[in-house]
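See below for the structure under consideration.
The first residue in the sequence is number 1, and the count goes up from there. First listed ligand is number 1; within each ligand, the first listed atom is number 1.
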Amino acid sequence: MQSVDDKIIVEEQQGTALVLAQTPVGAAKKMYLESYGCQMNFSDSEIVAAILLKEGYQTTADVEKADLIMLNTCSIREKAEQTVRNRLVHFNGLKRKKPSLLIGVLGCMAERLKDKFLQEEKIVDFVVGPDAYRDLPVVIQKAGSGQKAVNVLLSREETYAEISPIRLGGNGVSAFISIMRGCDNMCSFCVVPFTRGRERSRDLNSILHEARYLLQEGYKEITLLGQNVDSYKWKNTENEAVVSFAQLLEAVSLVSPSLRIRFSTSHPKDMTDEVLAVMAKYDNICKYIHLPVQSGNDEVLENMNRGYTADWYKNRIDAIRRILPTCAISSDIIAGFCGETEEQHQDTLDMMDYVGYDFAYMFKYSERPNTLAQRKYQDDVPEEVKSRRLQEIVDKQMLSGLASNQKAVGKVFEVLIEGESKKSNLQWQGRTTHNKMVIFDKTSGEKGSYVQVKIKECTSATLFGEIV
Ligand code: SAH
Ligand code: SF4
Ligand code: F3S
């Protein structure tokens, strides 16, 4: 019955992707789902869609047509939450026109604020945290009959292992697979351990099953997701040996040599040489590591509770360079953490020089309620100092990204075609193993195929080339 109209819409709004539509025909009620935050949240939205599709809902990209609006939210920085609040105000405008409309908040903000949404703000009908999505049908039904509808229970076991996600808003070429949930690290600035609960790993067999299924469905690239993939550990029965991330990575890469494998995020304190050796052994594991440093200064790292020093981090970088000489490296960097001095900020800039990152996500520190840092330290770096330091970091990264791309000019890379370029239907866009975006004329190839592309020129963000 469920034929799929493959109209897929993804919009970019204020740096956060706004979802979707894959519309099975013939179902009754329409749901509109918008996602914010990290890849794990987008991956969770695909689980939510799968759960509600079974209940007879169909997805829509047209919010005006929706009977049910859900926002899968992020709490990582103040700004992320503000964006969601603005959207909720907007959706409440729609509710005035259509009183039967139900509005729900999912994800990290739901977990952080719980029933405050229903009590103080009264702008939503139901609230469901990241570990309670199986309960959505019940919660929605309650909300529909005017009852208080909240489930924000965190779980030590839930991994949604056997739920086959409905791929939303994707390109049909790359997909995510969540391999674990939660985080046990307690970095002092971070809200994730509170919103996502304890770390738990997903059954190896269900991960492999999903990878094989995706391959069958024509996918060519999968990204294994977790807040700290290096601490993946799973065992079937008490007397079986524990499967490590290195072993999982190897097993997934063996599913098919034509399936590219990526993963995110690696943690500097846990990333082993064993993982690097597996990456070196298999061509289909992309030579790209996201290894967030956050700061280049030991005292700041200690206050952040990151569990490593600048020297340790450099040692991990050296190991990558030794074992995977061509590997691209990216980072997350926070400017203006509590108590950060000019010298300490300079250490971060020096670290950037040491590594020469190919890419980085850069943020101003944003204090989050109830985190270790909020309870223990003063958010004492003035806003304008944070902004200036962030700008210095961004400026340096621009140069570093450009230098990295310039090194690619003249070389030939295997590129997986993800689809038509956004700017021209005469060009393809795709990525190299190093996760660099390449644009080139459609002289051959098709979506989902691998082509050899010679790089002719570049900007700091994109490579331009031609198929050879
Ligand atoms: N698990 C990943 C990161 C998850 S959050 C890891 O450990 O690296 C993504 C990034 O957001 C973090 O790496 C950090 O750079 C940034 N971030 C998290 N909390 C923040 C805060 N309170 N203020 C500013 N940036 C923050
Ligand atoms: Fe947050 Fe640290 Fe866990 Fe990453 S490792 S999610 S930064 S607590
Ligand atoms: Fe945001 Fe939650 Fe991800 S806080 S970054 S959506 S884990």
Side-chain angles (χ1 to χ4, degrees), residues 15-17 34-45 48 71-81 83-84 105-113 129-131 154 176 178-199 225-232 263-271 289-296 300-301 303-308 313 316 329-338 340 348 357 359-375 377 379 381 383 386-387 389-390 393 397:
T16 46
E34 205 169 277
S35 305
Y36 293 86
C38 62
Q39 294 169 330
M40 296 218 62
N41 240 23
F42 283 78
S43 168
D44 279 4
S45 290
V48 167
L71 263 76
N72 196 355
T73 61
C74 174
S75 287
I76 201 82
R77 284 167 290 275
E78 172 71 38
K79 215 176 123 198
E81 291 201 351
T83 309
V84 167
V105 174
L106 317 178
C108 291
M109 226 174 139
E111 193 61 51
R112 197 178 83 70
L113 295 164
D131 285 348
L154 287 172
F176 299 127
S178 290
I179 62 164
M180 55 208 294
R181 300 181 70 81
C183 183
D184 282 352
N185 280 317
M186 299 304 268
C187 300
S188 65
F189 51 79
C190 186
V191 78
V192 173
F194 304 96
T195 62
R196 294 263 164 181
R198 299 304 297 270
E199 180 190 287
L225 294 181
Q227 293 299 352
N228 176 0
V229 291
D230 301 288
S231 61
Y232 177 87
F263 55 87
S264 187
T265 302
S266 306
H267 197 299
K269 79 176 163 61
D270 299 319
M271 193 194 66
I289 299 179
H290 183 56
L291 195 68
V293 69
Q294 315 296 359
S295 164
V300 176
L301 287 169
N303 294 344
M304 287 178 164
N305 200 25
R306 284 289 287 178
Y308 54 86
Y313 186 88
R316 295 292 73 213
I329 303 175
S330 62
S331 197
D332 293 345
I333 300 173
I334 297 178
F337 184 65
C338 310
E340 186 190 68
T348 298
Y357 290 113
F359 185 80
Y361 298 94
M362 299 154 281
F363 313 102
K364 270 192 262 188
Y365 173 60
S366 164
E367 186 177 79
R368 308 310 293 127
N370 299 324
T371 52
L372 244 67
Q374 188 258 338
R375 285 180 274 145
Y377 308 117
D379 180 13
V381 177
E383 189 57 28
K386 280 186 188 170
S387 297
R389 287 182 191 168
L390 178 64
I393 290 168
Q397 187 49 44

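Those atoms of ligand 3 with a heavy atom of Cys108 less than 4.0 angstrom away are 2 (Fe), 4 (S), 6 (S), 7 (S). Counting the atoms of ligand 1 from 1 in the order shown, those under 4.0 Å from a heavy atom of Arg368 are 22 (N). The distance from ligand 3 to the heavy atoms of Asn41 drops below 4.0 Å at these ligand atoms: 6 (S). Near Arg306, meaning under 4.0 Å from one of its heavy atoms, ligand 1 places the atoms 7 (O). Remark: ligand 1 atoms within the under-4.0 Å shell around heavy atoms of Lys364 are 23 (N), 24 (C). Listed by number with element, the atoms of ligand 3 under 4.0 angstrom from any heavy atom of Gln227 are 7 (S).
At least one N/O/S atom of Cys187, whether from backbone or side chain, sits less than 2.8 Å from atom 2 (Fe) of ligand 2. At least one N/O/S atom of Cys183, from backbone or side chain, sits under 2.8 Å from atom 3 (Fe) of ligand 2.
For atom 1 (Fe) of ligand 2, the closest non-hydrogen atom on the protein side is Cys190 SG, 2.3 Å. Ranking the protein heavy atoms by distance from atom 1 (Fe) of ligand 3 puts Cys74 SG, 2.3 Å first. In this structure, the protein non-hydrogen atom closest to atom 5 (S) of ligand 2 is Asn185 ND2, 3.3 Å. Looking at atom 4 (S) of ligand 3, its nearest protein heavy atom turns out to be Ser75 N, 3.3 Å.
A salt bridge is defined here as a Lys NZ or Arg NE, NH1 or NH2 lying under 4.0 Å from an Asp or Glu carboxylate O, and Asp131 with Arg198 fails to meet this definition. Salt bridge present: Glu81 and Arg368 bring a charged side-chain N and a carboxylate O closer than 4.0 Å.
Residue Phe189 places at least one N or O, backbone or side chain, under 3.5 Å from an N or O of ligand 1. In terms of polar-atom proximity, Gln227 is counted as a contact of ligand 1, with an N or O under 3.5 Å from an N or O of the ligand. Ligand 1 has no N or O atom lying under 3.5 Å from any N or O atom of His267, backbone or side chain. Remark: ligand 1 and Thr265 share no N or O pair separated by less than 3.5 Å (distance only, no angle test). For the pair Gln294 and ligand 1, the shortest N or O to N or O distance falls below 3.5 Å.
Thr195 approaches Leu154 most closely through the heavy-atom pair O-CD2, 3.9 Å. What you find for Ala80 and Cys74 is that their closest heavy atoms are CB-O, 3.7 Å.
The closest approach between any non-hydrogen atom of Arg196 and ligand 3 is below 4.0 Å. For the ligand labelled ligand 3, residue Met109 lies outside the 4.0 Å heavy-atom shell.
Under 4.0 angstrom from ligand 1, the non-hydrogen atoms of Ser366 come from both its backbone and its side chain. Residue contacts with ligand 1 for Ile76 involve both N, CA, C or O and side-chain atoms from C-beta outward (heavy atoms, distance under 4.0 Å). In Met40, neither the side chain nor the backbone holds a heavy atom less than 4.0 Å from any atom of ligand 1.
Evaluated by nearest non-hydrogen atom to atom 6 (S) of ligand 2, the leading choice among Gln227, Met304, Gln294, Arg306 is Gln227.
Relative to the ring axis of Phe363, Arg77 places its NZ or CZ within 45° and under 6.0 Å from the centre.
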